[in-house]
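The sequence lines fix the lettering, A, B, ..., with proteins before strands; numbering per chain opens at 1.
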2 protein chains.
Amino acid sequence: MGLLQLNSQPSTLSSTKPMARKTKEDAEITRQRIIDAAREVFSTHGVSKTSLEKIAKHANVTRGAVYWHFENKAELSFAMREQVILPLFDRMDETLLVNNHNLDPLQRIENFLLATINVLNHDPATRQTYEIFMTKCEYVDEFSLVLEEILDNCSDIVKKLEQTYEEARQQNLVHLNHSPADLAMDTHLFFSGLLHMWVKDSDGTRFRDRAKSMIQTHLSLRRK
Amino acid sequence: MGLLQLNSQPSTLSSTKPMARKTKEDAEITRQRIIDAAREVFSTHGVSKTSLEKIAKHANVTRGAVYWHFENKAELSFAMREQVILPLFDRMDETLLVNNHNLDPLQRIENFLLATINVLNHDPATRQTYEIFMTKCEYVDEFSLVLEEILDNCSDIVKKLEQTYEEARQQNLVHLNHSPADLAMDTHLFFSGLLHMWVKDSDGTRFRDRAKSMIQTHLSLRRK
DNA sequence: TTGCATACATACAAGAATGTATGTATATTA
DNA sequence: TAATATACATACATTCTTGTATGTATGCAA
């Protein structure tokens, strides 16, 4: 009964429901669909008010599939977060530290900030994930582990900014009475605030449209 | 049966449970106790995972009392928020706009930021409320109304900062190539980021201890 | 081709949590 | 002082949600 799988190629996951499937490729597709579904439902109803049942339905599977791939809602959320956080840090290293295009250090910082905003503007998955983790989840119980991670990540960002500002100072691009550490922390706080405002302004009429110019302004304030 | 109320003075709300009470003063005390209880439970378990039953028990009342004073959990949360937000704005007007102590505009901005951090350090209710609304609630459904309010408040803060920076410019305290609007927005984003980091660093070892010096640094970056 | 592991779907049990309806004793007011 | 409104406590019905247990068809390996 149901559709027969004749070989190991990923099946089409068609609308008629075959009762069980199994190639590793199919399983991976299912897993990703669950993550995608979770992101979408989370971003409209928040994490707490979203049951695994709703996620499952939105992904055209049952809770059985969700529990097969993830321990619980928290672990599912963490997997979702990693998918956008890791690429962000790759971009950071590339944009900020590697001098590909003969840009001066201050330009690299500006580019890093602009690039991040750009991703948020153009990649819905990243944007939704940011919204979820900044305004639609609660950092208690298991989620408080994420807070620690965030703090670690921030320290990392500040370090790399500091390195870059140090370069800028050596090239005499910034005023000497400002230490790279201070500049780095100030820029980080600026950007942190900007991201929070950007996310909160879901209409896009108060901050999102001005984000880029604010970044340029921030860096022009540093330049000698 | 139960304790008798002999007059209209607020009763002592003793540990033995009289079944019903009623002076307006008592009711107001009960209401405040519910708010206090909610704040405490919210700040450890988050809003979503806190039932009205838990709040009621923590306040030594039943859900009946909670529903008498508040429509639901959201309205209770909003009442809680107002108790700390309104004083904050009063402080802002006083510290930022009124020149009580012959301080120059940049000093007034610095004082406003420092004063806010000071309140967070010393007033547990304010601190807990900030923590709740920044990391322990989800801005969906009724709560998304708060997001609008926050955006309005931010615009207000930026306006007042701009006014103050305008004064600073007239007194030739800042570089002329920076517009007061830009400076105001940059300072607001800085402080917004600082507050978020401050709240997330619940241990107090990464940001809280350095907050004040970061504020001073931020303003020294502006001064001519 | 048999046997086991995989990838789910289905079914079950149990506990919250909410909103509301109702009971009730006391304050307040007329 | 009687009547009414207040300030709750209690009880109830219902709806979600979770976790787990179980069923089952298929892929895959020996």
Closest to the [X] side chain, choosing from [options]:
X: T62(A); options: dA9(D), dT10(C), dG19(C); result: dT10(C)
X: T23(A); options: dA9(D), dC28(D), dA11(D); result: dC28(D)
X: W68(A); options: dG19(D), dA7(C), dC8(D); result: dA7(C)
X: Y67(A); options: dA9(D), dA7(C), dG19(D); result: dG19(D)
X: K24(B); options: dT18(C), dA7(D), dC8(C); result: dA7(D)
X: T30(B); options: dG19(C), dC8(D), dA9(C); result: dC8(D)
X: A65(A); options: dC8(C), dT18(D), dC8(D); result: dC8(C)
X: L52(A); options: dG19(D), dA7(C), dA9(C); result: dG19(D)

Taking atom [atom2] of [N] as reference, at what distance in whole Å does atom [atom1] of [X] sit?
X: D141(B); N: dT18(C); atom1: CG; atom2: C1'; result: 15 Å
X: E28(B); N: dT6(D); atom1: CD; atom2: C1'; result: 14 Å
X: I29(A); N: dA7(C); atom1: CD1; atom2: C1'; result: 13 Å
X: E75(B); N: dG19(C); atom1: CD; atom2: P; result: 11 Å
X: K73(A); N: dT20(D); atom1: NZ; atom2: C1'; result: 18 Å
X: R33(B); N: dA7(D); atom1: CZ; atom2: P; result: 16 Å
X: K57(B); N: dT10(D); atom1: NZ; atom2: C1'; result: 14 Å
X: N72(A); N: dT17(D); atom1: CG; atom2: C1'; result: 13 Å

Sugar-phosphate, base or nothing in reach of S51(B), heavy atoms under 4.0 Å: sugar-phosphate
From CA spacing to verdict: salt bridge (Lys or Arg N to Asp or Glu O under 4.0 Å), D36(A), R39(A): CA-CA 5 Å; D36(A) 292 340; R39(A) 193 188 331 102; 2.6 Å; yes
Partner of D123(A) under side-chain contact (heavy atoms from CB on, under 4.5 Å), chosen from T126(A), L120(A), N121(A): T126(A)
Position toward the 5' end of DNA chain C (nearest nucleotide), R63(A) or R31(A): R31(A)
E131(B) vs R208(B), salt bridge (Lys or Arg N to Asp or Glu O under 4.0 Å): CA-CA, chis, key distance, verdict: CA-CA 13 Å; E131(B) 286 169 357; R208(B) 294 197 181 183; 3.1 Å; yes
Short side-chain N/O contact from H69(B) to OP1 or OP2 of dA7(D), under 4.0 Å: no
Any side-chain heavy-atom pair of F191(B) and I157(B) under 4.5 Å: no
Sub-4.5 Å side-chain heavy-atom contact between L76(A) and I34(A): yes
